[in-house]
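Beneath this line is the structure, given in structure tokens, with notes to follow.
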Amino acid sequence: MHGERMWHTFRLFTILSAVKRTQYYKDKKIFHSMGENCLIMDRIVPLYARLISLGNNVQIASNVHFNTHDITHVMLNNRESSLPRGGG
């Protein structure tokens, strides 16, 4: 999967038109789903792109990052150690 993502990113850098890049994203089914009338300016395929669904009329600018996972579990697992000690 990692190699495939890198290949798509390399290929997107060779496509100059944002309209053609968007069509490449759609043709290769890089995202889980894409609606109609989308435009993607960015050339870097996001990590875990198959978890992302785009609706209709979505425009994504360059340098937009998708967080398909977070670190909430780290915050919740460490919350007890950050609480003040001493009951009050």
Side-chain angles (χ1 to χ4, degrees):
M1 180 71 167
H2 182 68
E4 182 181 355
R5 181 174 163 253
M6 287 181 58
W7 169 251
H8 288 309
T9 298
F10 171 76
R11 182 67 181 98
L12 287 164
F13 270 96
T14 66
I15 302 172
L16 300 179
S17 165
V19 174
K20 290 180 181 178
R21 277 194 305 273
T22 303
Q23 191 60 47
Y24 181 86
Y25 274 105
K26 199 167 197 168
D27 291 345
K28 299 298 181 180
K29 297 180 177 20
I30 293 173
F31 292 112
H32 180 262
S33 64
M34 282 182 70
E36 298 300 317
N37 198 25
C38 292
L39 184 68
I40 303 172
M41 298 296 293
D42 206 3
R43 290 179 164 97
I44 298 174
V45 176
L47 191 61
Y48 305 115
R50 302 241 187 238
L51 299 177
I52 300 170
S53 295
L54 304 176
N56 294 330
N57 303 313
V58 174
Q59 296 183 2
I60 301 172
S62 295
N63 298 320
V64 171
H65 299 280
F66 293 98
N67 291 324
T68 53
H69 57 85
D70 60 20
I71 60 166
T72 304
H73 66 283
V74 173
M75 179 186 69
L76 294 175
N77 288 339
N78 293 325
R79 70 182 168 85
E80 300 227 359
S81 63
S82 65
L83 293 175
R85 295 181 187 230

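As the structure is a computational prediction, the values presented were derived from the model and not from experiment.
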- prompt: According to the salt bridge (charged side-chain N to carboxylate O under 4.0 Å, His left out) rule, which pairs have a member within residues 14-33, sequence neighbours left out?
  reply: K26-E36
statement: Taking every heavy atom of V64 against every heavy atom of D42, the minimum-distance pair comes out as O-OD2, 3.5 Å
- request: Treating Ile, Leu, Val, Met, Phe, Trp and Tyr as nodes and any side-chain heavy-atom pair under 4.5 angstrom as an edge, say whether Y48 and I44 lie in one connected cluster.
  value: no
statement: All heavy atoms of M41 vs all of A18, minimum pair found to be SD-CB, 3.5 Å
- prompt: Using the benzene-type ring in the case of Trp, are the ring centres of Y24 and H8 under 6.0 Å apart?
  reply: yes
statement: Only one of T22, I40, L39 passes side chain to side chain contact (heavy atoms under 4.5 Å, CB included) with I60, and that residue is I40
task: Could you tell me which non-hydrogen atom of F31 sits nearest to which non-hydrogen atom of I52, and how far apart they are?
output: CB-O, 3.5 Å
- prompt: Are L51 and L47 linked, directly or through other ILVMFWY residues, by side chains that come within less than 4.5 angstrom of each other?
  reply: yes
query: Of all heavy-atom pairs between R43 and Y25, which one has the smallest distance, and what is that distance?
result: C-OH, 4.1 Å
task: Answer yes or no: are there more than 12 heavy-atom neighbours, outside F66 itself, under 6.0 Å from its atom CZ?
output: yes
- prompt: Counting only N and O atoms by type, is there a donor-acceptor contact under 3.5 Å from the side chain of S53 to the main-chain atoms of H32?
  reply: no
task: Find the distance between CH2 (W7) and CG (L12) and round it off to the nearest 0.5 Å.
output: 10.5 Å
- line: Output for pair (M34 CE, N56 CG), nearest 0.5 Å, gives 10.5 Å
